[in-house]
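Beneath this line is the structure, given in structure tokens, with notes to follow.
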Amino acid sequence: MRISIVGSGYVGLVSGVCLAMKGHKVICVDQKKDIVDGINAMKSPIYEPGLDAYLKQVIDSKRFIATTDLEYAVMHSEVSIVAVGTPFDGKKIDLSFIVRATRDIGSVLKKKDAYHVVCVKSTVVPSTTDTVVKNALEDASCKKAGEIGLAMNPEFLREGQAVSDFMNPDRIVIGTYDDRSYDTVKGIYEGHFSAPIIRVNLRTAEMIKYTANAFLATLISYSNEIAAICEAAGDIQVSDVMSGVALDKRLNPKIDNAHLNPEIIQYLKAGRGFGGSCFPKDVKALAAFGRDSGCVPEMLDATISINERQVTRIIQRIEAILGGLRGKRVVVLGLAFKPETDDIRESQAVKLVIELQKYDCIVICVDPVATRNAQSCLPASDKTIYTEDIETGLMDADIAVLMTPWEVFLNTPACIYKDRMKQPVIFDACGCLPKTNMTEEGINYNCIGFKAN
Ligand code: NAD
């Protein structure tokens with residue numbers, strides 16, 4: 001099938017490259033020329049494991065190109081997938097990128113005779129596709145939905161594992177306006193992917209995506225609320241509490257007497273809270289949508305507020321451990337919102353750095369791939385230093401705070417922490433460092449969800 005994808009960021013580019021790997025002919029569109037030039041030069045503008053190799057393969061096979069020319073892309077494809085950003089504007093979802101992209105596609109469709117389907121892949125609140133998108137398309141094309149196909153096909157990939165998630169999805173959700181749109185979008189996946197295809201209406205497809213993200217975010221905030229209670233009460237180790245909970249066979253079934261350890265139990269883990277380009281904005285957008293629809297989204301509100309308190313709680317802990325922060329040399333281990341990505345959007349680590357800057361600390365930011373992105377968004381300060389190397393970062397530090405559990409940090413021997421730092425003090429905001437090794441080495445190890453009485 002010939003597919004155009006509008007928006008070539010994390011979702012658009014990964015989807016485009018993976019669909020070309022499956023044999024489709026894909027044209028990725030982006031408004032930014034530097035992104036397009038980079039892609040065509042086989043340099044992915046984002047860090048995503050496995051993406052560069054696939055990108056080279058699909059460009060070499062001539063099944064994939066990128067362009068800024070939307071008209072060319074729409075004219076030379078049967079389906080346009082919309083994968084532009086849908087940020088939160090402080091009150092509700094910001095649909096301006098969606099409106100512009102669909103209006104631009106509609107203007108091209110005015111000149112196109114052949115049937116064409118517009119398929120929204122961006123995360124949008126229920127009713128967006130059948131009102132905002134449909135209206136923009138109909139106005140710009142002077143055609144009616146039905147003459148133009150309309151679909152909503154949410155994306156569930158996770159950054160850091162985006163390529164393998166896209167190639168091996170758990171489910172493919174297709175919401176459509178009519179049968180003809182469904183048959184076209186189904187053709188993208190059927191025979192290429194083994195996951196079940198779930199056919200629903202447009203609004204249900206939109207809601208499935210939000211509900212899935214909000215559920216995972218809620219588990220994280222639930223774990224962090226339990227962590228706060230453990231710390232307040234004293235002498236309760238939240239990681240042990242959650243491990244005990246996660247052995248329940250309804251969460252962690254056994255086969256042949258061995259636990260399956262499904263990934264969901266990773267979300268029952270206290271830490272620095274969730275970040276990234278999806279969970280924070282999606283929970284907020286769903287709460288706002290619920291409120292607009294006449295509901296009081298109490299659990300979603302709590303999920304957000306618990307998460308937003310998390311950085312303050314980390315600051316309070318490290319301030320108490322050091323007996324004050326002013327002038328201290330604090331190493332922040334990790335800037336990306338999670339390992340295996342360079343994405344720093346809504347990163348709790350970046351928020352921590354901003355708070356530490358207010359305390360007049362010397363902040364050493366360490367991340368193997370995200371320092372450039374972080375540097376471009378963090379306030380410039382001669383007291384904020386960036387390095388990709390943990391050993392350099394730890395030099396003469398008063399405390400190291402683990403914010404992103406990159407393997408390289410977890411695998412750094414305890415003796416390196418001890419030898420490099422001025423005083424070997426660690427605050428593990430992810431609960432991931434090997435506590436026993438650390439304490440045996442004489443390190444003052446502290447973590448989220450535990451305080452001695
Ligand atoms: P992104 O910011 O990485 O990429 C969006 C791209 O669209 C940018 O490169 C931008 O230049 C381009 N763009 C914007 N308007 C355009 C236009 N009119 N024409 C051409 N290009 C245009 O965003 P993303 O992380 O890929 O997210 C896209 C959507 O997918 C969002 O709705 C997001 O919630 C959803 N989503 C994201 C993820 C994720 O892990 N990032 C996962 C699932 C769903």
Side-chain angles (χ1 to χ4, degrees), residues 4-18 27-39 44-49 51 66-74 80-89 93-108 118-125 128-129 132-133 136 140 152-166 169-173 205-206 208-210 212-214 216-217 274-286 336-338 340-347 373 377:
S4 52
I5 301 192
V6 183
S8 305
Y10 285 87
V11 166
L13 179 59
V14 170
S15 305
V17 168
C18 291
I27 306 172
C28 263
V29 184
D30 206 281
Q31 59 190 1
K32 293 186 183 148
K33 190 173 178 307
D34 55 331
I35 289 184
V36 167
D37 290 345
I39 295 171
S44 161
I46 54 167
Y47 173 82
E48 195 58 59
L51 186 58
T67 179
T68 53
D69 186 347
L70 178 80
E71 178 162 345
Y72 173 85
V74 173
S80 292
I81 293 176
V82 179
V84 298
T86 47
F88 187 73
D89 73 4
I93 186 171
D94 170 4
L95 292 171
S96 55
F97 296 101
I98 292 279
V99 170
R100 215 196 100 199
T102 48
R103 208 180 274 147
D104 290 350
I105 295 169
S107 307
V108 181
V118 177
C119 175
V120 177
K121 196 171 252 312
S122 301
T123 305
V124 291
V125 292
T128 302
T129 308
V132 178
V133 171
M152 202 283 146
N153 167 223
E155 182 49 57
F156 297 94
L157 63 77
R158 295 161 298 173
E159 286 178 25
Q161 302 159 74
V163 171
S164 85
D165 279 353
F166 193 94
D170 299 327
R171 71 299 216 187
I172 294 156
V173 175
E206 292 163 331
I208 288 173
K209 173 65 191 173
Y210 277 102
N213 274 5
L216 298 173
F274 55 82
S277 67
C278 293
F279 282 10
K281 79 167 175 66
D282 289 349
V283 181
K284 286 177 193 165
L286 181 58
F337 85 93
K338 68 175 181 179
E340 298 301 329
T341 181
D342 61 353
D343 196 345
I344 47 109
R345 289 178 285 183
E346 293 286 325
S347 163
N373 282 348
C377 85

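One-based numbering, in listed order, for ligands and for the atoms of each.
- Residue Glu155 places no N or O, backbone or side chain, under 3.5 Å from any N or O of ligand 1.
- Considering backbone and side-chain atoms together, Lys209 places no N or O closer than 3.5 Å to any N or O of ligand 1.
- Across Glu48 and Arg158, no two heavy atoms sit closer than the pair OE2-O, 4.3 Å.
- When the side-chain contact (heavy atoms from CB on, under 4.5 Å) test is applied to Lys281, the partners found at least two apart in sequence or on another chain are Thr86, Phe88, Thr123.
- From the protein, the heavy atom lying nearest to atom 19 (N) of ligand 1 is Val6 CG1, 3.6 Å.
- Across all their heavy atoms, Pro45 and Ile39 have their closest contact at CD-CG1, 3.7 Å.
- Annotation for ligand 1: atoms under 4.0 Å from non-hydrogen atoms of Ile35 are 9 (O).
- Among protein heavy atoms, atom 3 (O) of ligand 1 sits closest to Tyr10 N, 3.2 Å.
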Run the side-chain contact (heavy atoms from CB on, under 4.5 Å) test on Val133 and Ile98 for me, step by step, so that the C-alpha distance in whole Å, both residues' side-chain angles and the decisive distance to 0.1 Å come before the verdict. CA-CA 7 Å; Val133 171; Ile98 292 279; 3.6 Å; yes
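- For ligand 1, the atoms lying closer than 4.0 Å to a non-hydrogen atom of Ala83 are 5 (C), 28 (C).
- If you check which protein heavy atom lies closest to atom 7 (O) of ligand 1, you get Gly7 CA, 3.3 Å.
- Using a 4.0 Å cut-off between heavy atoms, Val124 makes no contact with ligand 1 at all.
- Remark: ligand 1 and Phe97 share no N or O pair separated by less than 3.5 Å (distance only, no angle test).
- In this structure, atom 30 (O) of ligand 1 lies nearest to the protein heavy atom Val11 CG2, 3.5 Å.
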I'd like a table of donor-acceptor pairs (distance under 3.5 Å, sequence neighbours excluded) in which one partner is a side-chain atom from residues 8-18, with atom names and distances.
{"residue": "Ser8", "atom": "OG", "partner": "Val29", "partner atom": "O", "Å": "2.8"}
{"residue": "Tyr10", "atom": "OH", "partner": "Asp342", "partner atom": "OD1", "Å": "2.7"}
{"residue": "Ser15", "atom": "OG", "partner": "Val11", "partner atom": "O", "Å": "2.6"}

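- Comparing Gln161, Lys121, Arg100 by heavy-atom distance to atom 18 (N) of ligand 1, the nearest is Arg100.
- Remark: minimum distance from atom 29 (C) of ligand 1 to any protein heavy atom is reached at Val84 O, 3.3 Å.
- Taking a 6.0 Å sphere around CZ of Phe156, one finds it holds more than 12 heavy atoms contributed by other residues, nucleotides or ligands.
- Remark: side-chain polar atoms of Thr341 are not paired, donor with acceptor, to backbone N or O of Gly160 under 3.5 angstrom.
- You'll find the side chain of Arg100 reaches within 4.5 Å of the side chain of Gln31, heavy atoms only.
- Using a 4.0 Å cut-off between heavy atoms, Ser277 contacts ligand 1 through its side chain alone, with no backbone atom that close.
- A salt bridge is absent between Lys32 and Asp34: the closest approach of a Lys/Arg side-chain nitrogen to an acidic carboxylate oxygen does not fall below 4.0 angstrom.
- Atom CZ of Phe274 and atom CD of Glu346 lie 9.5 Å apart (nearest 0.5 Å).
- For atom 33 (C) of ligand 1, the candidate residues are Arg345, Gln31, Lys281, Lys32; the nearest heavy-atom contact is made by Lys281.
- Only the side chain of Cys278 comes within contact range of ligand 1, with a heavy atom under 4.0 Å; no backbone atom does.
- When only non-hydrogen protein atoms are considered, atom 4 (O) of ligand 1 lies nearest to Gly9 CA, 3.2 Å.
- Checking Glu206 against Thr128 by side-chain atom types alone, no donor-acceptor pair falls below 3.5 Å.
- Counting heavy atoms from C-beta on, the side chains of Ser277 and Phe337 never come closer than 4.5 Å.
- Of the protein's heavy atoms, Asp30 OD2, 2.7 Å lies nearest to atom 9 (O) of ligand 1.
- Atom 42 (C) of ligand 1 has its closest protein heavy atom at Leu157 O, 3.5 Å.
- The distance criterion of under 3.5 Å between nitrogen or oxygen atoms is met by Glu159 with respect to ligand 1.
- Any N or O atom pair closer than 3.5 Å counts here, and Thr86 shares at least one such pair with ligand 1.
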